[in-house]
Structure formats: C-alpha cells, structure tokens
Number of protein chains: 2
Amino acid sequence: MVDRRGAGDEVVTTAAKRAADASAESTQAESASDVRERARAIPEAAVARLAVYLRVLSGLAEQGVTTISSEELAGAAGVNSAKLRKDLSYVGSYGTRGVGYDVEVLVSHIERILGLTRKHSVAVVGIGNLGHALANYGGFPSRGFPVAALFDIDPDLTGVPVGGIPVNHIDDITSVCAEREVSIGVIATPPQAAQAVCDRLVSAGVQCILNFAPVVLQVPDYVEVRKVDLAVEMQILSFHVARRADEAAGDVVNGVGVDGVVIRP
Amino acid sequence: MVDRRGAGDEVVTTAAKRAADASAESTQAESASDVRERARAIPEAAVARLAVYLRVLSGLAEQGVTTISSEELAGAAGVNSAKLRKDLSYVGSYGTRGVGYDVEVLVSHIERILGLTRKHSVAVVGIGNLGHALANYGGFPSRGFPVAALFDIDPDLTGVPVGGIPVNHIDDITSVCAEREVSIGVIATPPQAAQAVCDRLVSAGVQCILNFAPVVLQVPDYVEVRKVDLAVEMQILSFHVARRADEAAGDVVNGVGVDGVVIRP
DNA sequence: TCAACTTTGTGCATACGTTCACAAGCGGTA
DNA sequence: TACCGCTTGTGAACGTATGCACAAAGTTGA
C-alpha cells in the first residue's frame with residue numbers, strides 16, 4: 001500500500017531517519033571508494049532503468065508519497081519487481097524489510113549514483129527543426145541539464161536567440177564550450193556534418209555526446225556517445241508489425257485464425 | 001562448375017546470379033514459413049543493428065559500391081565483424097565466401113526481414129516543438145515512413161498545415177487513422193496527456209507506438225511500444241561522466257594520475 | 001586442373017542479464 | 001518479550017548475447 005502522509009506527520013521510523021541521514025550528505029558507513037566500486041559494476045541496462053525509477057519516484061515525492069514497496073514501484077516503472085530490487089541493490093541497500101523504500105532516500109541515492117549532483121551543461125549543435133525543439137525542451141533544465149549554448153553553421157542565425165539563448169557560430173565552439181563548461185554535446189545536424197561537428201566537440205573537451213544524426217560517429221575511447229535514431233526506431237516497430245502479420249498468417253494456415261480477424265500473438 | 005559464359009562477354013558469377021534472383025523476388029528455395037520462423041527467432045538487439053546495417057548499405061549502394069566484406073561493413077557500422085556476420089546469418093546466408101556480400105542483395109533481404117516492403121503510415125500526436133520537428137523530419141518519408149496525419153488538442157491548430165499536412169483535432173483520431181491506414185503512432189505530447197492519447201491510438205487500431213513523453217505507457221499485450229526519453233539518455237551520459245571522474249579520482253589516489261591531467265580509462 | 005588465398009558461416013566458450021525462490025530482517029501486536 | 005506477517009536482498013539457475021576461432025566454400029592465378 002502506498003501511504004500518503006500529510007506534512008504534519010511526526011512518526012519517525014528508521015527509514016525516515018535514514019532519509020535524514022542521506023539528505024544530510026552521503027558520508028557515514030559508505031566510503032567514497034565503495035561508491036566507486038559499485039558504480040563501476042552497474043550494468044548499462046540497469047542504469048537506464050534507474051533513470052526511469054528516478055522519474056517515477058520524483059513524481060511520487062511531489063504527490064506526497066513517502067514510502068513505496070518494490071512491487072508498486074516496479075508496476076509504475078513497467079518492470080518486474082525482482083529486477084527492480086536487483087537494480088536498487090546496485091545502488092545500495094536502502095530499503096526496509098516489511099515496509100519498502102523511503103521515496104526521498106531512494107531519490108537522493110539514485111541521483112548520487114547517476115552523477116546528478118553535478119551540473120551538466122548542454123550544448124546543442126544544429127539549430128534546425130530538431131535543434132529548435134531541443135533548445136525549447138523543458139525536460140532538460142528541469143532535470144538538471146541546462147542548455148548553455150547553441151551552435152549553427154548558418155551566419156544568419158548567429159546572435160538570434162532560441163529558447164532564450166543566442167545562437168553562436170560553430171567556429172566558436174571551442175571557446176564557448178570551455179567558457180560555459182559544457183559537458184554534454186547534442187548533435188542535431190544533417191548527417192553529412194555530424195562527424196565534423198563531433199570532432200570539434202571532442203577537441204573542445206566534450207566527453208559525452210548525444211547524437212541524433214543517422215551516422216555512426218568515430219570517437220576516441222574516452223568519449224561516450226549515445227545515439228538516438230528515429231528511423232531505426234521506426235524500422236524496429238516495422239519489424240514487429242511484419243512479424244505479427246507473419247505469425248497471424250501462420251496461424252491462419254494452421255487453421256487457427258479466421259478471415260479478417262486480427263490475430264493477437 | 002556451372003559457370004555459364006553466354007554469347008555476351010559478361011562473366012556471370014554465382015554472386016551476381018543471386019543478386020538477380022533476389023531482386024526478381026525472394027521465392028525459390030525459401031518458403032514463406034521459413035522466413036516466418038527466422039523472423040521469430042531474431043534477437044531484438046540484432047534487429048536494431050540490422051536497421052543500422054541497412055542504412056550504411058543504402059549509402060554504399062548510392063555510391064556505386066556493389067560488394068562489401070563483413071570486416072568493412074562492420075567497421076562502417078561500428079560493430080565487431082563476427083557479430084555482424086551472425087546478425088546477417090539471421091537474415092539468411094547471402095554472402096559469397098572469399099568475396100563478401102552483394103550490397104543490393106543484402107539491402108533487399110534486410111528490407112524484407114524488417115517488413116519495409118509494406119508501407120507504414122505515421123501519425124504524429126502533439127504538434128508542439130517536437131511535433132513540428134517530427135512532422136518536418138525528412139528522415140521518415142525517405143525511409144518508407146510517410147507522415148500521413150497530425151493531431152493536436154488545440155482547436156487553433158486544426159487545419160493549419162505543418163510540413164504540408166493539415167493538423168486534425170485529436171477527437172478525429174479514430175476516423176482519420178482508419179481512413180489513412182496509420183500503422184504507427186508517435187506520441188509527442190506533454191506527459192500528462194500521453195496515456196490518454198495512447199489509449200485513443202490503440203482504440204483506433206494502431207498497434208505500434210513511438211513514445212517521446214517521459215511516461216511508462218500501459219498498453220495491451222498486442223501493442224508494441226518503443227520509448228525515446230531524452231532526459232534518460234542525458235542521465236545515462238551523466239552516469240558515465242560521474243563514473244569516469246570517480247575512476248580518475250581512484251587512479252589519482254593510487255598514484256597514477258597527476259593534478260589537472262585528464263585520466264583516460 | 002590444382003593450389004594458394006580470402007572470407008563466410010557457425011560451434012563453442014564465455015560473459016551478461018533476467019528470473020525465481022527463499023532466508024534474513026523489520027515493524028506491529030499481544 | 002516473543003511471535004507473526006510482510007518485504008527486502010541475494011544466491012543460484014536459467015536464458016540470451018557476444019566474441020573467438022576454424023572448417024567450409026568460394027575466387028584467383030598459374
């Protein structure tokens with residue numbers, strides 16, 4: 001059961017005490033090297049899910065929910081509860097048996113593991129349709145990723161403010177990124193320009209890149225690239241449509257399906 | 001050797017024959033049920049990579065490249081060559097030992113497996129910044145995913161053309177989707193509206209959804225959802241920044257690193 | 001025709017991620 | 001205090017994906 005306690009509640013459970021400890025700063029029992037070891041060991045897939053749990057938990061916290069069980073959180077995040085508990089165990093053991101997890105404790109520990117205690121300024125390169133959308137996207141700043149710089153190769157755009165930030169010319173990428181301490185670069189250029197932009201970002205010291213261009217970027221080992229390819233997503237969906245249709249056809253051949261009826265595998 | 005030398009001067013290799021067969025239509029040796037069995041067995045991760053190979057191969061074909069080895073293609077796609085060969089083996093054995101793969105043959109077979117021989121009309125719901133960008137995104141139509149309908153809840157937008165297509169009111173979603181045979185729905189609404197929009201798409205018969213809203217959608221089993229969450233991508237990058245910084249700190253503690261020097265793990 | 005060389009396709013071992021199932025631990029209650 | 005019921009945390013089993021390494025199968029050149 002999710003319990004929604006009002007602000008005036010004074011029952012101090014051990015979980016609540018832990019919450020206080022955690023927000024007071026994560027020092028005590030766990031040394032910095034322990035955190036390091038743990039971070040190194042977290043599977044990539046689990047990291048992605050932790051980010052999702054964090055979003056769900058933030059929403060719950062705003063609704064005044066203080067405690068949640070693995071079963072409930074798993075439901076809200078769309079995963080199996082065993083998987084959720086294992087994922088959380090990578091972060092540390094901050095649950096209370098018989099009760100569940102304190103929402104605030106989890107939030108602060110997941111934020112710590114994901115490195116969200118630091119500020120991560122973002123630079124968007126390529127102010128076309130997508131670049132505009134990204135510059136105006138409210139989801140970034142609200143989650144600790146302020147858009148600090150915009151770049152485009154078109155001189156007509158230089159100086160024009162988009163989403164409150166003036167566009168810089170791409171030639172200034174090195175100085176501007178250094179000055180504004182950009183740690184994440186977002187490439188929203190046409191594919192032809194992507195590799196060149198990437199190289200410039202890297203030489204400007206950016207070590208993390210989010211790439212929307214449908215190109216495989218070549219980068220040094222120490223640079224982390226994540227790719228968002230809309231066409232690939234579409235094609236994966238297309239594959240599932242086709243597979244489903246094939247299965248349906250197969251079932252019909254086997255006498256299971258009937259005429260125009262949609263088969264649900 | 002069955003190497004026929006015809007009246008002309010052209011040497012017809014077995015690889016070239018296969019190319020001809022394939023473009024003539026994939027019937028012959030492989031029955032429809034074989035394709036079905038194979039499609040069922042392809043791992044999700046491999047499907048995503050196949051889409052990438054397809055893009056690379058299309059580019060090569062435009063450049064006039066007719067043949068490519070697994071090593072080269074793997075390099076261009078950013079994967080290990082053994083993995084690439086295994087992925088392609090899910091599609092079928094269309095390579096020629098000692099030579100490589102015929103580009104056109106591969107393209108046509110991957111397209112078949114991914115279901116790209118059918119048309120997949122797309123509907124975009126939520127014509128905000130992102131919706132605009134998606135409606136104007138050239139990558140969709142050029143890859144066989146025509147944007148056939150746009151929807152928004154704002155009556156002021158209704159009828160306004162975006163990217164050449166007039167926006168419909170969201171209340172007309174069922175009739176418009178049916179009429180234009182929409183098979184993929186793209187949700188680009190604010191998170192609060194996403195689940196409701198999703199439900200409407202599903203009841204309109206859409207079985208594949210690409211969701212940009214930071215919400216876990218609840219759908220029936222027979223509906224396929226793919227999620228693109230920009231904030232999650234950012235947080236994964238953030239995790240890597242933090243991990244890298246931690247490792248660097250650890251190395252410094254162990255006496256390896258020096259002052260301001262960037263540690264490359 | 002044959003031998004040398006190239007590249008595919010795949011069996012096998014390893015690593016990784018997921019799921020199950022249950023002991024351990026905690027809060028509540030008498 | 002001692003017990004009971006609930007939920008976490010995790011060992012162990014399973015399944016899936018990855019990478020190696022090599023036989024099979026093709027081409028090329030003499």
Side-chain angles (χ1 to χ4, degrees), chain A residues 1-3 5 9 11-19 29-30 38 40-50 52-53 66-75 77-103 105-106 109, chain B residues 1-5 11-19 29-30 38 40-50 52-53 66-75 77-103 105-106 109:
Chain A
M1 264 295 274
V2 177
D3 67 305
R5 296 186 186 169
D9 231 289
V11 181
V12 179
T13 63
T14 49
K17 275 189 288 184
R18 283 186 182 167
E30 195 166 54
R38 181 164 294 137
R40 211 191 294 267
I42 302 182
E44 185 83 14
V47 173
R49 288 190 297 266
L50 283 171
V52 174
Y53 306 153
T66 59
T67 300
I68 193 168
S69 73
S70 63
E71 201 73 44
E72 290 169 304
L73 182 52
V79 301
N80 168 308
S81 73
K83 190 190 287 183
L84 178 129
R85 288 200 299 277
K86 183 143 286 187
D87 287 344
L88 292 184
S89 80
Y90 294 125
V91 176
S93 298
Y94 303 111
T96 307
R97 295 172 192 229
V99 178
Y101 300 89
D102 183 285
V103 174
V105 176
L106 267 193
H109 283 286
Chain B
M1 238 351 233
V2 208
D3 196 357
R4 310 167 296 180
R5 281 153 203 269
V11 178
V12 180
T13 65
T14 50
K17 274 191 291 180
R18 280 187 182 167
E30 194 166 54
R38 181 163 294 137
R40 210 192 294 265
I42 302 182
E44 185 83 14
V47 173
R49 287 191 298 267
L50 283 171
V52 175
Y53 306 153
T66 59
T67 301
I68 193 168
S69 72
S70 63
E71 202 71 46
E72 291 170 302
L73 183 50
V79 301
N80 169 310
S81 73
K83 191 191 286 183
L84 177 130
R85 289 199 299 276
K86 187 147 286 187
D87 288 344
L88 292 183
S89 80
Y90 293 126
V91 175
S93 298
Y94 304 110
T96 307
R97 295 171 192 227
V99 178
Y101 300 90
D102 183 284
V103 174
V105 175
L106 265 193
H109 282 286

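What you see is a predicted model, and the numbers here were worked out from it, not measured in a lab. Chain naming here is simple, since letters A, B, ... match the order of the sequence lines and numbering starts at 1 in each.
Between the P atom of C/dT10 and the OH atom of B/Tyr94 lies a distance of 12 Å, rounded to the nearest Å. In this structure, B/Glu44 places its CD atom 16 Å from C1' of C/dT18, rounding to the nearest Å. What separates CG of A/Leu73 from P of D/dT8 is a distance of 10 Å, to the nearest Å. Atom NZ of A/Lys83 and atom P of C/dC20 are 11 Å apart (whole Å). Put simply, CG on B/Asp87 is 10 Å from C1' on D/dA17, counting in whole angstrom units. With rounding to whole Å, A/Leu50 atom CG is found 13 Å from C/dG17 atom P. The CG atom of A/Leu106 sits 13 Å away from the C1' atom of D/dG9 (whole-angstrom rounding). Between the CG atom of B/Leu84 and the P atom of D/dG19 there is a distance of 12 Å, rounded to whole Å.
Partners of B/Tyr101 by side chain to side chain donor-acceptor pair (under 3.5 Å), not counting sequence neighbours: none found. With sequence neighbours excluded, the residues that form a side chain to side chain contact (heavy atoms under 4.5 Å, CB included) with A/Ala46 are A/Ile42, A/Pro43, A/Arg49, A/Asp87, A/Tyr90. Not a single salt bridge (charged side-chain N to carboxylate O under 4.0 Å, His left out) links A/Arg85 to another residue, sequence neighbours left out.
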Considering only nitrogen or oxygen atoms on both sides, find all protein atoms under 3.5 Å from nucleotides 20-24 of chain D and state each distance.
residue: D/dA21; atom: N6; partner: B/Arg85; partner atom: NH2; Å: 3.4
residue: D/dA24; atom: N3; partner: B/Arg97; partner atom: NH1; Å: 2.7

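The phosphate of C/dC26 has neither OP1 nor OP2 within less than 4.0 Å of any side-chain N or O from A/Tyr101. The phosphate of C/dG17 has neither OP1 nor OP2 within less than 4.0 Å of any side-chain N or O from A/Tyr90. Between B/Ser70 and C/dT8 there is a side-chain N or O to OP1 or OP2 distance below 4.0 Å.
Across all non-hydrogen atoms, the minimal contact from B/Thr67 to B/Val103 is N-CG2, 3.8 Å. Closest approach of A/Ala74 and A/Ser81 over heavy atoms only: CB-CA, 3.5 Å. Residue A/Tyr94 comes nearest to A/Val105 through the heavy atom pair CB-CG1, 3.8 Å, listed as atom of the first residue, atom of the second, then distance.
Counting only residues at least two apart or in different chains, salt bridge (charged side-chain N to carboxylate O under 4.0 Å, His left out) contacts with residues 88-101 of chain B are absent.
Across D/dT18, C/dC26, C/dT10, the shortest atom-to-atom separation from the side chain of B/Ser93 is found for C/dT10.
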